[in-house]
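Predicted model, so just to flag it, every value in this text is computed and none were measured.
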Amino acid sequence: MPIPRLSESARDALLAELPDWKLRDDGLAIEHDFKFADFSEAFGFMARVALYAEKVDHHPEWSNVYNRVHITLTTHDAGGLSQRDDDMARAIAAML
């Protein structure tokens with residue numbers, strides 16, 4: 001069963017509720033740049049996100065340089081954003 005994409009209105013509602021997340025230029029993903037006090041804090045955050053991602057079987061695209069973490073959320077099987085990305089973004093926001 002294919003994973004449905006979020007409607008534009010659902011996507012817009014998500015972005016209104018989580019204004020630090022930005023829609024990628026192609027409209028198929030959301031992105032956020034996080035900055036922490038140091039590497040240990042950034043790594044701890046990534047570990048918490050990783051544990052949640054494993055639990056829900058939905059994994060972010062991300063990169064880390066010292067105290068910065070860049071996260072991109074999209075659902076490849078949906079060809080764009082899905083409810084999984086909405087749930088992941090909200091879970092990440094709750095971890096901060």
Once side chain to side chain donor-acceptor pair (under 3.5 Å) is applied, do any residues pair with His32, and if so which ones, sequence neighbours excluded?
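Here no residue qualifies.
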
Checking Asn67 now: which residues fulfil side chain to side chain donor-acceptor pair (under 3.5 Å) with it, not counting sequence neighbours?
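Per chain and number, Asn67 pairs via side chain to side chain donor-acceptor pair (under 3.5 Å) with no residue.
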
Kindly work out whether a path of hydrophobic side-chain contacts (I/L/V/M/F/W/Y, heavy atoms less than 4.5 Å apart) joins [X] to [Y].
X	Y	value
Val49	Leu96	yes
Ile71	Met95	yes
Leu6	Val56	yes

Show me the pairs that pass salt bridge (Lys or Arg N to Asp or Glu O under 4.0 Å) and involve residues 28-44, at least two apart or across chains.
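Every candidate salt bridge (Lys or Arg N to Asp or Glu O under 4.0 Å) pair involving residues 28-44 fails, so no pair, neighbours aside, qualifies.
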
Quick test of your reading: applying salt bridge (Lys or Arg N to Asp or Glu O under 4.0 Å), list the pairs with at least one residue in residues 65-84, sequence neighbours left out, ordered by first then second residue.
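As it turns out, there is no salt bridge (Lys or Arg N to Asp or Glu O under 4.0 Å) pair with a partner in residues 65-84 once direct neighbours are skipped.
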
Measuring from atom [atom1] of [X] to atom [atom2] of [Y], what distance do you get when rounded to the nearest 0.5 angstrom?
X	Y	atom1	atom2	value
Ser40	Tyr66	OG	OH	8.0 Å
Arg24	Thr74	CZ	OG1	5.5 Å
Asn64	Met46	CG	CE	4.5 Å

Closest approach of [X] to [Y] (non-hydrogen atoms, all atoms of both residues):
X	Y	value
Leu28	Gly79	CD2-O, 3.4 Å
Val69	Ala42	CG2-CB, 4.0 Å
Leu73	Leu81	O-CD2, 3.4 Å

With distance as the sole criterion, is a donor-acceptor pair present between the side chains of Glu61 and His76 under 3.5 Å?
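Their side chains do contain a donor-acceptor pair, which is all the 3.5 Å distance test asks for.
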
Please identify each residue that fulfils ring-ring contact (aromatic ring centres under 6.0 Å, His included) with Phe39, with sequence neighbours left out.
Phe43

For [X], side-chain contact (heavy atoms from CB on, under 4.5 Å) partners two or more places apart:
X	value
Ala78	Ile3, Arg5, Thr75, Ser82
Ser7	Ser9, Ala10
Asp25	none
Leu51	none

Suppose the criterion is side-chain hydrogen bond (donor to acceptor under 3.5 Å, both in side chains): which pairs have a residue in residues 42-57, not counting sequence neighbours?
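Counting only pairs at least two positions apart or across chains, the side-chain hydrogen bond (donor to acceptor under 3.5 Å, both in side chains) contacts touching residues 42-57 are Glu54-His59.
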
Extract all donor-acceptor atom pairs below 3.5 Å that involve side chains of residues 11-22 and protein atoms in other chains or at least two apart in sequence.
from: Glu17; atom 1: OE1; to: Arg90; atom 2: NH1; distance (Å): 2.7
from: Glu17; atom 1: OE1; to: Arg90; atom 2: NH2; distance (Å): 3.4
from: Lys22; atom 1: NZ; to: Pro19; atom 2: O; distance (Å): 2.7

